[in-house]
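Positions are given from 1 along the sequence. Fair warning: this is a prediction, and the values are worked out from it, not measured in the lab.
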Amino acid sequence: VKKPPMEWYFLHTLVGLNLRMTELSAAIAREQLKKLDGILQTVREHAKYFPVKVRPECEHSFYRYAWMLQQPTMLPPENFNFKRHYIQPIYKMPLFKSLGYADNLCPVCEEVEENIVLSWLKGMG
């Protein structure tokens, strides 16, 4: 079975949420939670490669690192996955286009979406 392109996963044609977790997902999550402290420690150690600022009284989980293409970085590419773009503005998705929403409703959002790079630690999803 051929896997659809990654863009397909972020293409929404309906409005709605499915927040139910299966029993199997819950069992896996319970086991993964036992590893959470170690996972977060590794991710925070790798955050030093990114131009990020975190307030001293806060901790960050760094689910994804995002920056604009123009920002310098010292990333060791062998440790990270990379992806251009994030999720396109909702008004550009087929459902909202069919409802009459025009392009360029939020030019700043579109500029950011065009110039953003996401990365995450390999093995972290």
Side-chain angles (χ1 to χ4, degrees):
V1 175
K2 186 176 179 186
K3 193 173 180 181
M6 189 55 131
E7 297 81 31
W8 179 84
Y9 293 105
F10 300 108
L11 184 64
H12 307 290
T13 57
L14 299 172
V15 175
L17 299 172
N18 177 359
L19 303 175
R20 296 169 293 183
M21 182 182 288
T22 66
E23 290 84 357
L24 180 59
S25 295
I28 292 169
R30 286 184 65 165
E31 289 303 308
Q32 287 297 98
L33 281 172
K34 295 175 184 176
K35 304 175 191 176
L36 182 61
D37 291 337
I39 292 169
L40 290 177
Q41 180 181 350
T42 301
V43 171
R44 289 177 182 139
E45 287 170 7
H46 283 85
K48 67 184 174 198
Y49 295 108
F50 294 86
V52 295
K53 295 178 183 175
V54 179
R55 294 187 311 224
E57 70 274 11
C58 297
E59 291 186 43
H60 201 297
S61 64
F62 297 105
Y63 168 66
R64 294 284 190 263
Y65 307 96
W67 68 92
M68 299 300 280
L69 283 174
Q70 300 82 4
Q71 287 180 297
T73 182
M74 310 176 309
L75 291 177
E78 65 276 3
N79 293 335
F80 296 91
N81 294 310
F82 294 92
K83 176 183 179 282
R84 278 290 313 275
H85 304 289
Y86 191 47
I87 297 172
Q88 65 179 313
I90 195 166
Y91 57 84
K92 293 180 101 179
M93 294 188 178
L95 172 66
F96 292 90
K97 298 280 287 174
S98 72
L99 293 174
Y101 286 86
D103 284 342
N104 211 20
L105 288 176
C106 186
V108 173
C109 176
E110 291 183 27
E111 180 182 351
V112 168
E113 197 277 330
E114 277 295 314
N115 293 294
I116 199 167
V117 174
L118 291 179
S119 66
W120 56 97
L121 197 57
K122 286 188 178 174
M124 301 296 291

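For residues 87-96, every residue pair satisfying the side-chain hydrogen bond (donor to acceptor under 3.5 Å, both in side chains) rule, not counting sequence neighbours, is listed here: Y91-E110. Residues in residues 26-39 take part in these salt bridge (charged side-chain N to carboxylate O under 4.0 Å, His left out) pairs, two or more places apart or across chains: E31-K34.
Remark: E23 pairs with no residue by the side chain to side chain donor-acceptor pair (under 3.5 Å) rule, at least two apart or across chains. When the side-chain contact (heavy atoms from CB on, under 4.5 Å) test is applied to L36, the partners found at least two apart in sequence or on another chain are L33, L40. Legend: residues meeting side chain to side chain donor-acceptor pair (under 3.5 Å) with S98, ordered by chain and number and at least two apart, are absent.
Within 6.0 Å of atom CD in E45, more than 12 heavy atoms from other residues, nucleotides or ligands are found, so the atom counts as buried in its surroundings. The environment of CD1 in I90 is sparse: at most 12 heavy-atom neighbours from other residues, nucleotides or ligands sit within 6.0 Å.
Taking the side chain as every heavy atom from C-beta outward, C109 and V112 never approach each other to under 4.5 Å.
The shortest heavy-atom contact between P89 and E113 is CD-CG, 4.2 Å. Nearest heavy-atom pair, C58 versus V54, reported as atom, atom and distance to 0.1 Å: O-CG1, 3.6 Å.
Residue L24 shares its hydrophobic cluster (ILVMFWY side chains chained together at separations under 4.5 Å) with I28.
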